Amino acid sequence: MNQPDSNSTKPTETVYGNLLQPIALGPTRVANRIFNPPHGTTLGSEGVVTNNLIAYHEARAKGGVGLIILEGMAFHPSFEFESAYLNAGRDSIIPGLKKLSRACREHGTAVFGQLYHAGRAVRSSHDGSKPLIYSPSDIPDERYRVVPRPMPNEMVWEVIDSYAKAAVRLVEADLDGVEILASMGYLIAQFLNPATNRREDEFGGSFENRLRFLRETVTQTRKAIGQGKTLGIRITLDEKTDTGLDADEVIKICSALEEDDVLDYFSVISGSSSSPAGWIHVFPPMAIPHAYVADDAARLKNAISKPVLVAGRINQPQTASEILSERKADMIGMARALIADPEFVNKVAQNKSDHIRACIGCNQACVGHRLTHHAISCIQNPRTGREQLFQNTQESQSTKTVMVIGGGPGGMKAAVTAAEHGHRVLLFEQQARLGGQVNLAELLPGRAEFGGVTTNLVHELERNSVDVCLNSTVSSETVNKFEPDAIIVATGAVTRLPEVEVNDVELVHAWSVIQRHKKIGQNVVIADWACDWTGLGVAHKLALEGHHVRLLSGASIPGESIPGIVRDQWIGELQSLNVELINFARFFGAQDRSVFFQHMINGEPIICENVDTIVSCYAPQSNKQYDWLFEPTGTHKQPTLIKVGDALAPRTVEEAVLDGFQAAWSLQ
Ligand SMILES: Cc1cc2nc3c(=O)[nH]c(=O)nc-3n(C[C@H](O)[C@H](O)[C@H](O)COP(=O)(O)O)c2cc1C
Ligand code: SF4
């Protein structure tokens with residue numbers, strides 16, 4: 001049982017007091033209404049908990065979250081292909097989990113573990129061969145393009161038994177509860193859904209038969225763990241997939257399970273692994289409205305009496321508080337909001353909600369890292385996933401004067417971090433506005449929330465009393481005047497155009513298009529070397545404005561450099577706007593309104609005719625404006641000099657922020 005943190009502010013004294021009310025989920029008393037939903041971190045190793053994973057969760061527990069539901073854990077040989085998953089099918093999981101749950105409980109946070117079987121939603125194996133995967137029937141999977149083997153009847157019973165045995169391990173590890181993942185098109189949803197379950201045994205056919213796998217799983221798990229621990233399920237009402245489960249049937253399923261009286265809560269989410277469209281909703285990106293799953297949760301809440309939990313793009317206390325006061329759900333899940341700001345709940349409790357570093361739904365360093373098998377992090381918060389490396393911020397022993405040149409995300413992060421360590425910090429920005437390339441990114445269609453990176457950092461600069469000098473360049477006189485101990489150069493990148501011959505067609509850089517600095521003709525060709533957000537975003541913007549757009553990418557797919565989950569949604573948008581997508585295209589030149597590309601594989605020409613404007617998304621180059629600082633002068637005391645972000649080598653906001661943070665941290 002959990003005790004609320006004795007230091008926390010009383011609910012009645014705070015603006016969003018209803019978020020801080022305790023709640024009982026079966027036998028577990030949770031200190032407040034915010035929970036951290038399960039999310040794969042890739043911080044475990046070989047199936048067991050590591051100190052990095054403990055430090056990650058302890059940071060969120062310390063930040064005041066009431067309940068952490070640990071990432072989906074594998075537990076049966078029919079699904080244990082990737083070492084990135086914790087494995088609750090072996091006793092070796094117990095010692096690490098025990099340490100983790102104790103570390104979190106010290107801060108008053110309850111910990112549950114999620115049991116996860118993906119069924120047919122598996123693409124890779126340990127050794128690179130195609131995995132042998134199991135599902136209720138051999139229905140091909142559209143997203144993973146795999147054909148599963150129908151699970152033999154005896155294996156179905158064995159898997160049910162394994163859920164119960166794995167749950168017992170979680171209880172032995174001192175967790176407060178167990179969640180069964182029955183959502184998002186994974187194994188249990190595959191049993192529930194007539195589109196993926198064509199079985200003729202007791203697990204297929206009628207509603208009762210399709211429900212049997214889930215019902216037996218929760219019943220046997222409850223028997224195994226007893227009444228002293230919480231048991232809940234995660235369920236999807238709207239899979240956002242044509243062949244997905246029907247929401248009315250899901251409500252019927254939950255009502256039937258409630259009558260069985262073995263479950264303590266129902267956690268609602270959207271999306272499915274089984275289709276590209278459904279997958280987008282498993283990690284809803286910034287183009288999807290905030291809190292959009294709350295109405296699904298409300299539908300379920302009207303039908304049942306047990307607590308209903310909800311998650312999905314909830315990143316502000318006001319939104320969370322409204323969901324509770326409108327009685328749409330009983331607890332609010334925040335996965336990415338706490339990845340971005342582990343101190344979210346403490347800030348609410350201290351009436352400092354404006355200090356929250358809101359997640360912007362970019363899916364870059366959290367989902368992006370996870371899906372490429374790297375430890376999760378956050379583009380705004382480089383400490384995430386690196387908690388052991390960067391522990392508590394300490395005031396520096398000696399106060400230094402730090403000059404930061406460049407007010408993009410890297411420079412701002414460096415300035416904030418240096419100020420947090422107690423240094424005197426001056427930030428010089430040449431433009432009238434802070435933000436750097438973020439100011440461009442936020443202008444792309446559906447990407448306005450990206451500007452949150454700047455908003456959050458500007459607030460942090462203000463709170464840390466950084467002296468910000470806008471419209472300011474730095475000269476040797478400036479350096480002599482302030483006599484800095486360190487200068488961090490974060491001047492970003494500048495554009496460059498490809499070195500090809502272009503005659504009779506206007507060639508403009510994508511950044512000018514975004515800033516509306518150039519008039520664009522009707523027929524546009526985008527030469528996309530970078531294959532990132534810019535090419536897709538500019539194509540989207542121009543197509544929405546009525547231009548005829550051809551996007552020629554230097555890769556096998558447009559947007560190849562960015563997480564698929566972001567790219568896929570964009571490609572769908574572009575195709576519905578009739579943007580022509582041509583791949584493997586290397587820009588070669590232009591003459592008489594014809595633009596020439598070379599196919600990168602077969603070398604053949606690709607010719608686009610009747611072109612009015614070519615938009616170039618070519619590699620930017622580091623801004624070398626301040627390279628003179630790095631030349632020894634002998635005239636002034638030589639400060640520590642560090643370049644960060646694109647000034648070092650053009651990359652993305654994530655690396656700029658990480659570099660800026662590390663540079664300032666190194667000054668301690
Ligand atoms: C990196 C990452 C991994 C995830 N892994 C899981 C998982 O193992 N099990 C699960 O039920 N949901 C998983 N999710 C989905 C989250 O629990 C949550 O439903 C989703 O991120 C939407 O909530 P949010 O907007 O608060 O982030 C994952 C999400 C992220 C960002
Ligand atoms: S990387 Fe983006 S989506 Fe992920 S937590 Fe950070 S801000 Fe949110």
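Every value quoted in this text rests on a predicted model; they were computed, and no experiment measured them. Every number for a ligand or one of its atoms is a count from 1 in the order of the listing. The residues of the chain are indexed from 1 along the displayed sequence.
At a cut-off of 3.5 Å, with distance as the only test, a side-chain donor of Gln437 or Asp646 sits close to an acceptor on the other residue. A donor and an acceptor atom, one from each side chain of Thr372 and His374, are located under 3.5 Å apart. Using modelled atom types, one finds a donor on one side chain and an acceptor on the other under 3.5 Å when comparing Glu655 with Thr652.
Backbone and side-chain nitrogen or oxygen atoms of Arg370 are examined, and none is located within less than 3.5 angstrom of a nitrogen or oxygen of ligand 1. Note: an N/O pair closer than 3.5 Å links Gly40 and ligand 1 by distance alone. Residue contacts with ligand 1: Arg336 is placed with a nitrogen or oxygen under 3.5 Å of a nitrogen or oxygen of the ligand (distance criterion only). Polar contact check, Ala335 against ligand 1: a nitrogen or oxygen pair lies under 3.5 Å apart.
For the pair Ala337 and ligand 1, no heavy-atom separation below 4.0 Å is found. Remark: distances from the non-hydrogen atoms of Met184 to ligand 1 include one below 4.0 Å. Ligand 1 has Phe283 within reach: a non-hydrogen atom of the residue lies less than 4.0 Å from it.
The pair Arg120-Asp141 counts as a salt bridge, with a side-chain nitrogen and a carboxylate oxygen less than 4.0 angstrom apart.
Close contacts between ligand 2 and Ala365 involve ligand atoms 1 (S) [criterion: under 4.0 Å to a heavy atom]. Ligand-side atoms of ligand 2 in range of Ile339: 5 (S), range being under 4.0 angstrom from any heavy atom. Set against the non-hydrogen atoms of Ile379, the atoms of ligand 2 under 4.0 Å away are 1 (S), 6 (Fe). Which parts of ligand 2 touch Gln380 is read off a 4.0 Å heavy-atom cut-off, strictly below it: atoms 7 (S). The atoms of ligand 2 that sit less than 4.0 Å from any heavy atom of Ile360 are 7 (S), 8 (Fe). Listed by number with element, the atoms of ligand 1 under 4.0 angstrom from any heavy atom of His39 are 2 (C), 3 (C), 4 (C), 5 (N), 6 (C), 28 (C), 29 (C), 30 (C). Under a 4.0 Å criterion applied to the non-hydrogen atoms of Arg313, ligand 1 contributes the atoms 24 (P), 25 (O). Set against the non-hydrogen atoms of Met334, the atoms of ligand 1 under 4.0 Å away are 26 (O). Less than 4.0 angstrom separates some heavy atom of Ile269 from each of these atoms of ligand 1: 19 (O). Near Asn363, meaning under 4.0 Å from any of its heavy atoms, are these atoms of ligand 2: 2 (Fe), 3 (S). Close contacts of ligand 1 with Gly72, meaning ligand atoms under 4.0 Å from a residue heavy atom, involve 8 (O). The Val282 neighbourhood of ligand 1 comprises atoms 15 (C), 20 (C), with distances under 4.0 Å to a heavy atom of that residue.
Separation of atoms CD1 (Ile69) and CD (Gln114) is listed at 7.5 Å; rounding is to 0.5 Å. One distance of note links CG of Leu245 with CD1 of Ile253; it measures 6.0 Å at 0.5 Å rounding. Of the inter-residue distances, the one linking Lys413 atom NZ with Ile379 atom CD1 reads 10.5 Å to the nearest 0.5 angstrom. Within the model, atoms OG1 of Thr221 and CD1 of Ile225 stand 7.0 Å from one another, a figure rounded to the nearest 0.5 Å. In this structure, Cys378 SG and His369 NE2 are separated by 10.0 Å, a value rounded to the nearest 0.5 Å.
A perpendicular orientation is assigned to the rings of His117 and Phe75, their planes being inclined by more than 60° (bins at 30° and 60°). The aromatic rings of Phe283 and Trp279 sit perpendicular to each other, their planes meeting at more than 60°, with 30° as the lower class boundary.
Looking only at protein heavy atoms, the nearest one to atom 2 (Fe) of ligand 2 is Cys362 SG, 2.3 Å. In this structure, atom 10 (C) of ligand 1 lies nearest to the protein heavy atom Arg234 NH1, 3.3 Å. Distance from atom 13 (C) of ligand 1 to its nearest protein heavy atom, with residue and atom name: Pro38 O, 2.9 Å. The closest protein non-hydrogen atom to atom 4 (Fe) of ligand 2 is Cys366 SG, 2.3 Å. Nearest protein heavy-atom contact of atom 23 (O) of ligand 1 is Gly312 N, 3.7 Å. Protein heavy atom closest to atom 6 (Fe) of ligand 2, with residue, atom name and distance, is Cys378 SG, 2.4 Å. Protein heavy atom in closest approach to atom 5 (S) of ligand 2: Arg336 O, 3.5 Å. Shortest contact from atom 31 (C) of ligand 1 to any protein heavy atom: Val367 CG2, 3.6 Å.
The proximity of Glu654 to ligand 2, defined as any non-hydrogen pair under 4.0 Å, does not occur for either the backbone or the side chain. Here Leu181 has side-chain heavy atoms under 4.0 Å from ligand 1, and that is the only part of it that gets that close.
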Exercise for review: Could you walk me through whether Met334 and Asn315 pass the side-chain contact (heavy atoms from CB on, under 4.5 Å) test, one step at a time?
Suggested key: CA-CA 7 Å; Met334 296 187 181; Asn315 68 346; over 6 Å; no
Practice item. May I have the step-by-step check of salt bridge (charged side-chain N to carboxylate O under 4.0 Å, His left out) for Arg60 and Glu387, ending in yes or no? Key: CA-CA 11 Å; Arg60 272 105 202 129; Glu387 283 79 6; 2.9 Å; yes
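Coordination check, Cys359 versus atom 4 (Fe) of ligand 2: failed, since every N/O/S atom of the residue sits at 2.8 Å or beyond.
Between Phe79 and Tyr134, the distance separating the two ring centers is not shorter than 6.0 angstrom.
Considering each of His369, Met73, His281, Gln114, the one bringing a non-hydrogen atom nearest atom 9 (N) of ligand 1 is Gln114.
In this structure, Arg336 is not positioned above the aromatic face of Phe344 in the sense of NZ or CZ being under 6.0 Å from the six-membered ring centre and within 45° of the axis. For Arg215 and Phe213, the positive end is not near the middle of the six-membered ring at less than 6.0 Å and at most 45° from its axis.
For the side-chain hydrogen bond (donor to acceptor under 3.5 Å, both in side chains) with Tyr265, the lone residue among Lys306, Arg234, Glu179 that qualifies is Glu179.
Within a 6.0 Å radius of NZ in Lys347, more than 12 heavy atoms belonging to other residues, nucleotides or ligands are found.
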